[in-house]
Amino acid sequence: MTEALLELRGLRVSFRTEQGLVQAVDGLDLTLQSGEVLGVVGESGSGKSVSMLALLGLIDDPNVEIEGEALFRGRDLLKMGERELRGLRGRRVSMIFQDPMTSLNPVYSVGWQIAEQIRTHEKVPKRAAQRRAVELLESVGIPDADRRVGDYPHQFSGGMRQRVMIAMALSCSPELLIADEPTTALDVTIQAQILELLDSLRVDVGAAVILITHDIGVVAGLADRVMVMYAGRAVERATTLDLFDRPQHPYTWGLMGSVPRLDGDKPKRLAAIPGQPPSLISLPPGCSFAPRCPHRFEACDLTRPALEARASESHLDACLLPADARAAAHATQLAAARGEG
Amino acid sequence: MTSLLEVIDVSKHFHTGRGLFGGGDVVHAVDGVSFEVQEGETLGLVGESGCGKSTLGRCIVRLHEPTGGSIRFDGEDITQVKGKQLRALRRDVQIVFQDPYASLNPRRRLGHIVGMPMQVHGMGSSSEIRERVASLLRLVGLSPEHINRYPHEFSGGQRQRIGVARALAVNPRLVVCDEPVSALDVSIQAQVINLLDDLQDDLGLTYVFIAHDLAVVRHVSDRIAVMYLGKLVEVAPAEELYRAPVHPYTEALLSAVPVPDPRAPRDRIVLTGDVPSPVSPPGGCRFHPRCLYATEICCREEPPLIAHAHGRVAACHHPLNVAPAPVSA
């Protein structure tokens, strides 16, 4: 097998706070191949963003503790010095954030900002960098790019700013692009434009993409594989088709049932997940989803389930329910949700 | 059947940056919008940011004065009511806000927050109010033991429940829900949607449900009104709107929603460009610069709202999914 582009082994991120130790990411394993698109789905506090920030050394907090390994082409990012990381970030690994307004510098023109990034990583004359900036803006669909390259961030709309961010992220043809809720702040018609753009770029640029989102609809249309996270742990990982055809973890079922859909018949009631996510300071000793799970049994409170292949070789989940009982349990959960109304 | 709420040709314009000698721009946030809401019904109001849906919602509860047009509640014109009458109106019409963090006073205890509306309206002695606060908390799924806690001790979903309890405290007939779930995580969002659903069944409430999420709106609404740049472009029964949208904007909006099914056909209609500025909206049909079907007439003439089959109403020169000759509904 070829060497993985990115491999996380037991990544743990914790924060020391006055209330106690917050376990934001609790042992995350992951392998990503070149050119692959991985969707990471979870609610706030599930650790999806924090884990990515941690491996790029972007958590600037003296109270953070990061353990484990994050191998990028075989080299551990967590052991790299700031200098080496700087050479990597923005060149071989890029990140797009949710809010394009706060991630752009308001006092420099967008062209200047893109050119600066190029010149930081490559020895090119100013002129050439500026020309590349125009081409990049064109490639992400900004009309009239050679004029707009001199405009400032506030002169762009939200969708256009996100395009600028994407152009900047792609400026050095990264091998890995991490997109953290890239469309959450955008209106739905603008979201469609950006998703279309990301989809076309992955083909053109050939970068691997980690797409972080809370919207399983976004993942369904774009990702090859999906990882579902809950309370700092991965609870299910599978190919996108597999995950939607045969979801295995009760949390995944709950997530899918919670979302109102435009396709298909309208259910009388949404199959909401009762209760709230647990506090990351005092995670239950067993399965962290157990307190909210309708299928919980004694073992769930005692044993922490590992992420293992149970349904098939490529379909991993962290649930103690016997694999052959899953389908029936899922069916009863769906029926119960509908029947209550 | 009489309508509980009638919105008749309502406009709301804001003046920006107007100096001592005039000048400045006029933002046409809402421009000539009309619709009715029946008792016990949920009307969904959807559109993208800046389309005027929240401004309209605030006009309905009289947090904004409309610039033009009139709003009738239960047959009475409430556009101009003041003083006592306005206070009486507040008992009937309440609002739940989007941000459960900004809409609760951080320095007041839960009992005070939920009990205040009853105090203002003189709805019983303090012990009676306390009792009713407890029952309201139970109604929205919170524990009455929490009555002495402060807002920061609650999660986002719980805070939104508090906002709902406060709105219901005065037994309103109409509740305007302004993006009540968009700040919440999906699993919590579903809980609050189910709660609003149950409350409507139990208390016979009428909702105006404002949201940008079309799937959420479809789930809760009986009828849906779609707004674009201050204008109403389409109103239709919920299922009809999704089955056969008449306005090209509705069609594009629906197709843009990501479907949680990897096998779903991806025939997304991707609108080009951005929403134009409401300071100088385009002439003719306001959607024409982004419309796939726009022709010359669309730039020239503003299309009126026309009734089509199956209770659908739309403002378009080139309506979709309708018989060649418009049937009056």
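Quick note on labels: first sequence line is chain A, next is B, and so on, each numbered from 1.
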Asks: Would the number of heavy atoms belonging to other residues, nucleotides or ligands and lying under 6.0 Å from CG of A:Asp265 be above 12?
Replies: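 Count not over threshold, so no.
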Asks: How many angstroms lie between atom CG of A:Asp215 and atom CG of B:Asp213, to the nearest 0.5 angstrom?
Replies: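 Here the interatomic distance stands at 8.0 Å.
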Asks: With side chains defined as the heavy atoms from C-beta onward, is the minimum distance between A:Arg261 and B:Pro260 less than 4.5 Å?
Replies: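 A side-chain contact under 4.5 Å exists here.
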Asks: Between A:His214, A:Met256, A:Arg292, which has the largest tally of heavy atom pairs under 4.5 Å with chain B?
Replies: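 Between A:His214, A:Met256, A:Arg292, the count favours A:Arg292.
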Asks: To the nearest 0.5 Å, what is the distance between CD on A:Gln276 and CG on B:Asp185?
Replies: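 Answer rounded to 0.5 Å: 10.5 Å.
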Asks: I'd like to check B:Arg218 versus A:Leu262 (side-chain heavy atoms, cut-off strictly below 4.5 Å). Are they in contact?
Replies: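 Yes, their side chains come closer than 4.5 Å.
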Asks: Could you check which of B:Ala238, B:Gly50, B:Ala256, B:Ser187 has the highest count of heavy-atom pairs closer than 4.5 Å to chain A?
Replies: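 Heavy-atom pair counts peak at B:Ser187.
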Asks: Of the backbone (N, CA, C, O) and the side chain (C-beta and beyond), which part of A:Ile273 lies under 4.5 Å from a heavy atom of chain B, both, or neither?
Replies: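 Contact with chain B involves both backbone and side-chain atoms of A:Ile273.
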Asks: Give, as side chain, backbone, both or neither, the part of B:Arg268 having an atom under 4.5 angstrom from any heavy atom of chain A.
Replies: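 Just its side chain gets close to chain A.
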Asks: Mind listing the closest non-hydrogen atom pair of A:Ser157 and B:Asp274 along with its distance?
Replies: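 Closest approach of A:Ser157 to B:Asp274: OG-OD2, 2.7 Å.
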Asks: Heavy-atom distances under 4.5 Å only: say whether B:Val270 touches chain A with side chain, backbone, both or neither.
Replies: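 Just the side chain, heavy atoms under 4.5 Å.
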Asks: Taking the basic N atoms (NZ, or NE/NH1/NH2) and the acidic carboxylate oxygens, is any pair closer than 4.0 Å for B:Asp197 and A:Lys268?
Replies: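 The answer is no: the pair does not qualify as a salt bridge.
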Asks: What part of A:Leu186 is in contact with chain B, defined as an atom under 4.5 angstrom from a non-hydrogen atom: side chain, backbone, both or neither?
Replies: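 For A:Leu186, there is no contact with chain B at all, as no heavy atom is under 4.5 Å.
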Asks: Look at B:Asp261, B:Ile269, B:Ile193 and state which one has the largest set of heavy-atom pairs under 4.5 Å with chain A.
Replies: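 Winner by heavy-atom pair count: B:Asp261.
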Asks: Looking at every non-hydrogen atom in both residues, tell me the closest pair between B:Gly273 and A:Gln193 and how far apart they are.
Replies: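 Taking B:Gly273 first and A:Gln193 second, the nearest heavy atoms are O-NE2, 3.1 Å.
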Asks: Which bit of B:Asp198 comes within less than 4.5 Å of chain A, counting heavy atoms only: side chain, backbone, both or neither?
Replies: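 For B:Asp198, side-chain heavy atoms alone lie under 4.5 Å from chain A.
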Asks: Between A:Pro277, A:Gly257, A:Gly275, A:Gly141, which shows the greatest number of heavy-atom pairs under 4.5 Å with chain B?
Replies: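 Answer, by heavy-atom pair count under 4.5 Å with chain B: A:Gly275.
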Asks: Side chain, backbone, both or neither: which part of A:Asp224 has a non-hydrogen atom closer than 4.5 Å to chain B?
Replies: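 Neither part.
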Asks: Under 4.5 Å heavy-atom distance to chain B, tell me which part of A:Gln191 shows up: side chain, backbone, both or neither.
Replies: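 Just its side chain gets close to chain B.
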Asks: Can you tell which of B:Gly157, B:Ser255, B:Gly141, B:Pro262 has the highest number of heavy-atom pairs within less than 4.5 Å of chain A?
Replies: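 Max contact count across the listed options: B:Pro262.
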Asks: Measure the shortest side-chain to side-chain distance between B:Gln191 and A:Ser258 over non-hydrogen atoms and say whether it is less than 4.5 angstrom.
Replies: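 Not in contact.
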Asks: Can you tell which part of B:Thr272 gets under 4.5 Å to a heavy atom of chain A, answering side chain, backbone, both or neither?
Replies: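 Contact with chain A involves the backbone of B:Thr272 alone.
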Asks: Return the minimal non-hydrogen interatomic distance between B:Ile188 and A:Glu43, and the atom names on each side.
Replies: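 The answer is N-OE1, 4.3 Å.
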Asks: Taking atom CG of A:Asp245 and atom CZ of B:Arg263, what is their separation to the nearest 0.5 Å?
Replies: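 Answer rounded to 0.5 Å: 4.0 Å.
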Asks: For chain B, which of A:Thr240, A:Leu255, A:Leu241 has the most heavy-atom pairs under 4.5 Å?
Replies: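 The answer is A:Leu241.
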